[in-house]
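For reference, positions follow the sequence shown, starting with 1.
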Amino acid sequence: AEYGKALDLFRSAADLAGNLTDRSHALYNAGICALKAGEEVLFQSILTQLQNSQPDASSKSSGIDTAANLQLDRALEMAAKGTAGGEQELERFVQDHPNHPRRAEAKIAQAEIVLLDVPARVKAAEEALAAAEQEPSLPEALQQRIAYTRLWADEATGDLKGLTQTGLLFLKRWPKSPLSVEVRMKTANAYFRMEDMANARTQFEIVARDYPDSAYADTALFFAGRAAMIVGGADSLNTAIEIWEELADRGGPLAFEARHQQAVAKRREGHEDEALKVIDSLLTDPKIKADMRYSLICEKAEILQLLGTKDPKLLEEAV
């Protein structure tokens, strides 16, 4: 990632190249380095040189080092960084190169950009995705990105049922995709928002089980417990407590809140004495924030008041 040094070396290689194919390769890589280094003026100069270098037929067929590719790489970089003009650059590429093999990439990026608008331009996104799907010989990775982006379109329109259908279809078609964990998490979240707690819990638990080392595992466990608790009933509450115990044992950022939720669940079960023990253990945490400490002390007072109906001394402690 020392783009300045790499840029100098690739430019030297282009000057020393003995044929147009090697020169084209070197200029393409130099252009990428200029792009990464933020050297816009130099990038434009390299792009012009590349446009004037006509590779042989074998290099053209490889589709990796043409000026059009470099133009698209710049547009995609601008779109990814949210740079002004990224959408226009993508549209320019699409219009200038209607038969380019990477045209689908540009259309998907266009869909992603308009979905990030406030409000999201869902119709434009759907049109871009539909156009991307029409490209011939679409690689599977791009098919997955199209389906994944449709999840965001469904969410933008509030179509949670459509989101779950799109998500489950994606998981059935590409169960081993690198995007699977995000798709399943988004599907679980949609079920949760629809108050379909049984399906939400199932999907959250699959995330925690199948992707235990992912950034989503702890959050999935937390919401699996929430879904179980919302369902209610002794069995579901016990399940929620067990899930939060597992989450607490992981020692992650949600461990404290998992213990707190255990106390809430135990109170719902009518086990105030057990809930009190959990609250007391939480209050011993030296890292607890002041507002959380006061909230827990209030909860402790409520529990002591309930228990004080049988033991008046506990009412004094509640006061």
Side-chain angles (χ1 to χ4, degrees), residues 155 160 181-182 184-319:
E155 187 173 53
L160 297 178
V181 61
E182 295 180 50
R184 194 173 293 280
M185 195 69 176
K186 212 161 188 58
T187 302
N189 181 53
Y191 277 127
F192 191 89
R193 290 167 62 188
M194 291 166 61
E195 300 184 3
D196 184 347
M197 296 305 163
N199 278 317
R201 176 185 156 193
T202 297
Q203 295 300 322
F204 281 129
E205 288 183 331
I206 291 174
V207 171
R209 182 195 68 204
D210 292 355
Y211 308 94
D213 299 322
S214 76
Y216 302 96
D218 282 14
T219 303
L221 273 177
F222 180 82
F223 280 99
R226 285 289 301 275
M229 189 166 74
I230 291 171
V231 170
D235 290 342
S236 293
L237 286 172
N238 285 332
T239 298
I241 291 170
E242 291 172 0
I243 290 172
W244 283 321
E245 183 70 28
E246 180 183 348
L247 178 55
D249 288 343
R250 291 171 70 96
L254 290 175
F256 184 96
E257 186 56 32
R259 293 290 187 199
H260 183 212
Q261 290 297 320
Q262 281 185 316
V264 175
K266 289 179 182 294
R267 285 187 65 180
R268 288 196 181 184
E269 284 186 316
H271 298 157
E272 285 84 4
D273 54 340
E274 294 181 17
L276 183 61
K277 292 178 182 178
V278 177
I279 295 294
D280 280 335
S281 69
L282 291 175
L283 285 169
T284 63
D285 188 339
K287 297 180 181 179
I288 186 174
K289 294 182 179 179
D291 56 346
M292 187 61 180
R293 179 179 296 279
Y294 293 139
S295 177
L296 290 173
I297 291 173
C298 287
E299 287 188 53
K300 180 176 180 178
E302 292 173 0
I303 295 172
L304 288 169
Q305 186 177 0
L306 291 170
L307 295 174
T309 58
K310 297 179 180 179
D311 186 351
K313 291 182 180 179
L314 295 179
L315 290 176
E316 296 177 11
E317 189 178 348
V319 172

Evaluation steps, side chain to side chain contact (heavy atoms under 4.5 Å, CB included), between Asp311 and Leu307: CA-CA 7 Å; Asp311 186 351; Leu307 295 174; over 6 Å; no
Which atom of Ala301 lies closest to which atom of Ala318, heavy atoms considered: O-CB, 3.7 Å
CD/Glu272: more than 12 non-hydrogen atoms of other groups inside 6.0 Å: yes
NZ/NE/NH1/NH2 to OD/OE distance under 4.0 Å, Asp273 and Arg267: no
Sub-4.5 Å side-chain heavy-atom contact between Ile230 and Glu195: no
Heavy-atom pair of closest approach, residues Asp218 and Gly252: OD2-CA, 3.7 Å
Residues Glu257, Leu247; criterion side chain to side chain contact (heavy atoms under 4.5 Å, CB included); working and verdict: CA-CA 9 Å; Glu257 186 56 32; Leu247 178 55; over 6 Å; no
Residue pair Asp285 / Ile288: nearest heavy atoms and the distance that separates them: O-CG2, 3.1 Å
side-chain contact (heavy atoms from CB on, under 4.5 Å) partner of Lys266, the single match among Leu276, Ile303, Ile241: Ile241
Minimum side-chain heavy-atom gap Glu155-Asn189 below 4.5 Å: yes
Steps toward side chain to side chain contact (heavy atoms under 4.5 Å, CB included) verdict (Leu283, Ile279): CA-CA 6 Å; Leu283 285 169; Ile279 295 294; 4.1 Å; yes
Atom pair OG1 (Thr284) and CG (Asp280), whose distance is rounded to the nearest 0.5 Å: 8.5 Å
Residue pair Met185, Phe204: steps toward the side chain to side chain contact (heavy atoms under 4.5 Å, CB included) verdict: CA-CA 7 Å; Met185 195 69 176; Phe204 281 129; 4.0 Å; yes
Rounded distance [0.5 Å steps], CZ in Arg293 versus NZ in Lys300: 11.0 Å
Flag if over 12 foreign heavy atoms under 6.0 Å of OH, Tyr216: no
Interatomic spacing from CZ in Phe256 to CE in Met292 - rounded to 0.5 Å: 4.5 Å
Closest non-hydrogen atom pair, Ala208 against Ala217: CB-O, 4.1 Å
Thr239 side chain to Asp235 backbone, donor-acceptor under 3.5 Å: yes
From CG (Leu160) to CZ (Arg193), nearest 0.5 Å: 4.5 Å
Side-chain heavy-atom pair Arg226, Trp244 within 4.5 angstrom cut-off: yes
Interatomic spacing from CG in Leu221 to CG in Leu254 - rounded to 0.5 Å: 9.5 Å
Reported NZ-to-CD distance for the pair Lys313 and Glu316, which is rounded to 0.5 angstrom: 8.5 Å
Where Ser214 and Val181 come nearest, the two heavy atoms and their spacing: OG-CG2, 4.0 Å
Distance-minimising heavy-atom pair for Ala248 and Ala255: O-CB, 3.7 Å
Evaluation steps, ring pair (Phe, Tyr, Trp, His ring centres under 6.0 Å), between Phe192 and Phe223: CA-CA 8 Å; Phe192 191 89; Phe223 280 99; 5.4 Å; yes
